[in-house]
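Numbers here simply count residues along the sequence, with the first being 1. Just so you know, these numbers use all the heavy atoms, side chains as well, and skip hydrogens, waters and symmetry mates.
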Amino acid sequence: CFNNMLARATNEGIISGKLLEYVKSKSPRIYKEGIIEPKDLIGLMVHLKIASKCENGDYFMPTLLNTLDTQGVQDILSMCSNPIAPMALYHEKGWFKCGSFNFLITSLLSSKQWSLAKEGRKLLCVYSNCIKMRFNKNCNVTLIDNASYIEIHLDGHAAVVSEVCPEIKSSLVKACEEEVQIGFLCPCKFFGDKHLAISTRASLK
């Protein structure tokens with residue numbers, strides 16, 4: 001039902017195709033048949049790294065998630081099975097742009113190396129400022145948004161962590177340097193395709 005889909009969106013950041021169709025049916029003034037469809041809007045958000053595609057036709061959007069307080073973050077970290085000293089990702093200017101943490105998460109998820117950490121079908125930790133991810137199916141990585149820097153905790157056997165640590169750092173740097181084009185969603189038939197990309201670069205830098 002709609003309430004369950006809405007709860008999943010706020011608790012797990014997951015938007016389903018059914019939810020988009022429901023919103024469309026209730027918002028005829030926003031979605032005009034044949035002009036702007038929900039799939040066009042979600043396609044634009046994927047293009048801009050606001051959302052990332054996941055299994056079963058669903059989409060993951062970190063901006064929908066609740067925020068975890070300081071004590072909650074500490075509780076999550078205390079559950080790491082084999083914690084080591086964390087890494088910290090700093091920006092040369094001393095801070096990241098607003099939305100950079102979400103951009104980083106969706107950029108990582110676009111790679112086959114990264115996925116959201118799960119226990120069965122349940123996501124282990126998904127908050128707007130704290131997300132637990134899985135790297136290459138052998139190491140959990142908890143990323144925490146501290147505004148001025150991003151804290152990174154690796155959780156796994158020492159031998160595995162030491163082996164994958166260079167790969168994880170390389171992957172994080174690559175995601176931060178990734179650039180996307182600014183995108184327009186326009187109903188104007190003059191452009192033919194509704195998705196018009198303008199060559200203006202944007203990244204975490």
- Task: Report the C-alpha separation of V141 and I152 in whole Å, then their side-chain angles, then the decisive distance to 0.1 Å, and conclude whether the side-chain contact (heavy atoms from CB on, under 4.5 Å) test is met.
- Result: CA-CA 7 Å; V141 182; I152 304 145; 3.6 Å; yes

Between [X] (side chain only) and [Y] (backbone N and O only), is there a donor and an acceptor less than 3.5 Å apart?
{"X": "S107", "Y": "F103", "value": "yes"}
{"X": "S171", "Y": "E167", "value": "no"}
{"X": "S52", "Y": "T106", "value": "no"}

Do the non-hydrogen side-chain atoms of [X] and [Y] ever get within less than 4.5 Å of each other?
{"X": "C130", "Y": "D145", "result": "no"}
{"X": "I150", "Y": "L104", "result": "yes"}
{"X": "L48", "Y": "M45", "result": "no"}
{"X": "T67", "Y": "Y127", "result": "no"}
{"X": "K49", "Y": "I105", "result": "no"}
{"X": "D155", "Y": "T142", "result": "no"}
{"X": "I144", "Y": "N129", "result": "no"}
{"X": "S128", "Y": "N66", "result": "no"}

- Message: For L89 and E151: C-alpha separation, side-chain torsions, deciding distance, then whether side-chain contact (heavy atoms from CB on, under 4.5 Å) applies.
- Response: CA-CA 6 Å; L89 187 62; E151 194 173 324; over 6 Å; no

Grab the two heavy atoms, one from [X] and one from [Y], that are nearest each other, plus how far apart they are.
{"X": "W114", "Y": "L108", "answer": "CB-O, 3.2 Å"}
{"X": "I131", "Y": "L116", "answer": "CG2-CD2, 4.0 Å"}
{"X": "L124", "Y": "K132", "answer": "CD1-CD, 3.8 Å"}
{"X": "V126", "Y": "N11", "answer": "CG2-O, 3.5 Å"}
{"X": "C139", "Y": "L154", "answer": "SG-CB, 4.3 Å"}
{"X": "G13", "Y": "L65", "answer": "N-CD2, 3.2 Å"}

- Write out all pairs satisfying salt bridge (Lys or Arg N to Asp or Glu O under 4.0 Å) with one or both partners inside residues 5-16, taking only residues at least two apart or from two chains.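 Sorted result for residues 5-16: R8-E12, R8-D58.
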
So, using side-chain contact (heavy atoms from CB on, under 4.5 Å) as the criterion, who are the partners of [X] when residues are at least two apart?
{"X": "E163", "result": "none"}
{"X": "Q71", "result": "D69, Q74, D75"}
{"X": "L64", "result": "A9, I15, M61"}
{"X": "A88", "result": "Y90, Y149"}

Can you tell me how far apart [atom1] ([X]) and [atom2] ([Y]) are? Round to the nearest 0.5 Å.
{"X": "C54", "Y": "I14", "atom1": "SG", "atom2": "CD1", "result": "4.0 Å"}
{"X": "C125", "Y": "N140", "atom1": "SG", "atom2": "CG", "result": "10.5 Å"}
{"X": "I42", "Y": "H47", "atom1": "CD1", "atom2": "NE2", "result": "14.0 Å"}
{"X": "Q113", "Y": "K174", "atom1": "CD", "atom2": "NZ", "result": "8.0 Å"}

- Got a sec, which residues hit ring-ring contact (aromatic ring centres under 6.0 Å, His included) with F60, two or more places apart in sequence or on another chain?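 If we apply the ring-ring contact (aromatic ring centres under 6.0 Å, His included) test to F60, skipping adjacent residues, there are no hits.
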
